[in-house]
Amino acid sequence: SGSSAAAPLPEEDCMKLNPSFLGIAFSSLLAIDLWASKRLGVCAGEGSAWGSARPLMKVIEVSGHGIPWLLGTFYGLCQSDSSAAREVLLNLLFALLLDLVLVAVVKGLVKRRRPTHNKMDMFVTISVDRYSFPSGHATRAALVCRFILHHLVLAVPLRVLVVLWALIVGISRVMLGRHNVTDVLFGLLLGYALYSVVEYCWLSPLSAPALFALW
């Protein structure tokens with residue numbers, strides 16, 4: 001019995017008995033995130049606190065979906081007769097495709113499940129959409145918002161509306177129960193940073209003549 005008492009504990013047991021400060025902080029943050037997300041999911045179902053606003057939230061959901069943006073950008077690209085407009089639209093199309101690929105890769109790597117109170121009635125989903133982190137809608141909203149503000153000449157009220165739209169899209173993801181708060185916050189940050197990548201890789205007749213020859 002003496003030899004067994006002196007035997008060291010397995011490493012994994014030591015880790016459980018002596019969790020690191022970072023582990024405790026991460027677990028606490030995760031718990032707060034899940035609690036806040038559930039409390040804010042007031043439109044997650046028809047019987048929720050704000051269930052009557054769910055149809056409006058779903059309209060906002062569609063406004064931030066990738067398919068309408070891709071189809072609208074492609075249509076504008078085909079109909080445009082201005083070289084400057086074609087350049088902007090082609091780069092917006094590139095940004096949207098890059099966003100889809102990056103979000104799909106991150107979701108596939110992290111594999112965080114959607115909140116338990118979410119109803120899987122989303123508008124056009126693919127396989128990785130069963131995962132929650134990050135919010136593709138939030139990423140796209142931040143990316144498109146920054147793109148529009150930099151490349152379209154808009155009056156101040158319209159610029160404010162664009163920013164509000166991006167924020168409302170992000171908030172609606174939590175209210176509908178689609179995402180946790182951290183999914184949306186990371187998505188907004190990722191979309192904001194992704195625009196810098198698009199600007200760095202900006203497609204022009206000089207840098208990508210073959211693409212512009214198609215149009």
Side-chain angles (χ1 to χ4, degrees), residues 56-110 114 120-154 158-159 161-173 176 178-179 183-184 186-205 207-215:
L56 175 59
M57 292 295 105
K58 294 191 72 173
V59 171
I60 296 172
E61 177 177 66
V62 174
S63 76
H65 197 281
I67 290 181
W69 277 101
L70 284 170
L71 292 179
T73 303
F74 185 77
Y75 178 78
L77 190 58
C78 293
Q79 296 297 316
S80 177
D81 56 0
S82 165
S83 58
R86 283 197 298 270
E87 181 176 338
V88 171
L89 288 170
L90 186 61
N91 280 278
L92 178 57
L93 184 63
F94 165 66
L96 293 170
L97 292 172
L98 183 62
D99 167 68
L100 283 176
V101 172
L102 181 60
V103 169
V105 169
V106 176
K107 282 187 175 184
L109 291 174
V110 177
R114 289 188 181 270
M120 290 299 291
D121 58 348
M122 295 175 286
F123 174 73
V124 187
T125 60
I126 58 176
S127 59
V128 293
D129 284 332
R130 67 180 181 274
Y131 300 127
S132 176
F133 185 91
S135 166
H137 280 69
T139 305
R140 189 174 304 108
L143 171 64
V144 170
C145 173
R146 200 174 174 199
F147 192 100
I148 290 175
L149 294 180
H150 278 78
H151 294 286
L152 291 184
V153 180
L154 300 174
L158 291 177
R159 296 174 70 86
L161 284 177
V162 170
V163 175
L164 286 177
W165 167 78
L167 293 176
I168 290 172
V169 167
I171 293 170
S172 71
R173 308 312 291 154
L176 280 169
R178 308 295 197 206
H179 291 278
D183 302 335
V184 173
F186 185 84
L188 291 172
L189 291 174
L190 182 62
Y192 186 89
L194 190 56
Y195 173 78
S196 299
V197 176
V198 175
E199 280 288 294
Y200 181 79
C201 303
W202 188 262
L203 304 175
S204 68
S207 61
L211 282 176
F212 286 88
L214 296 174
W215 310 101

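Just so it is clear, the model here is predicted, and its values are computed rather than measured. In what follows, every heavy atom counts, from backbone to side chain, and hydrogens, waters and symmetry copies are set aside.
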Taking the side chain as every heavy atom from C-beta outward, state whether Lys107 and Asp129 have any pair of such atoms under 4.5 Å apart.
yes

Side chain proximity check, Glu199 to His150, heavy atoms < 4.5 angstrom
no

Using side-chain heavy atoms (C-beta onward) and a distance below 4.5 Å, is Leu176 in contact with Glu61?
yes

Pairwise distance CZ(Arg130) to CZ(Arg114) - rounded to 0.5 angstrom:
11.0 Å

Going from CG on Asp183 to CG on Leu188, what distance comes out if it is rounded to the nearest 0.5 angstrom?
11.0 Å

Considering all heavy atoms, the nearest Pro134-Phe186 contact:
CB-CD2, 3.6 Å

Using 0.5 Å steps for rounding, measure from the NE2 atom of His137 to the OG atom of Ser63.
7.5 Å

Under 3.5 Å: donor-acceptor pair, side chain of Arg173, backbone of Arg178:
no

What one should report as the nearest heavy-atom pair of Leu77 and Arg86 is CD1-O, 3.5 Å

Which heavy atom in Pro68 sits nearest to a heavy atom in Val62, and how many Å separate them?
CG-O, 3.7 Å

Which value, rounded to the nearest 0.5 Å, describes the distance between Leu143 atom CG and Leu92 atom CG?
7.5 Å

Considering non-hydrogen atoms only, spot the tightest contact between Thr73 and Leu89 and give its length.
CG2-O, 3.4 Å

Quick check: do Tyr131 and Val106 have side-chain heavy atoms less than 4.5 Å from each other?
no

What's the shortest heavy-atom distance between Ser172 and Met57, and which atoms?
CB-SD, 3.8 Å

More than 12 heavy atoms of other residues, nucleotides or ligands under 6.0 Å from OH of Tyr192: yes or no?
no

Using the rule given for side chain to side chain donor-acceptor pair (under 3.5 Å), can you reason through Asp99 versus Thr139, listing the C-alpha separation, both sets of side-chain angles and the distance that settles it, and then say yes or no?
CA-CA 7 Å; Asp99 167 68; Thr139 305; 4.6 Å; no

How many angstroms lie between CG in Leu93 and CG in Leu98, if you round to the nearest 0.5 Å?
11.0 Å

For the residue pair His151 and Trp202, does the interplanar ring angle fall in the parallel (under 30°), tilted (30 to 60°) or perpendicular (over 60°) class?
parallel

Report the distance from atom CG of Leu90 to atom OG of Ser83, rounding to the nearest 0.5 Å.
12.5 Å

Evaluate the side-chain proximity of Leu149 to Val163: yes if any heavy-atom separation is below 4.5 Å, no if none is.
yes

Would you indicate whether the side-chain heavy atoms of Leu70 and Leu100 approach each other to under 4.5 Å?
yes

Ignoring hydrogens, what is the shortest heavy-atom contact between Glu87 and Pro205? Give both atom names and the distance.
OE1-CD, 3.8 Å

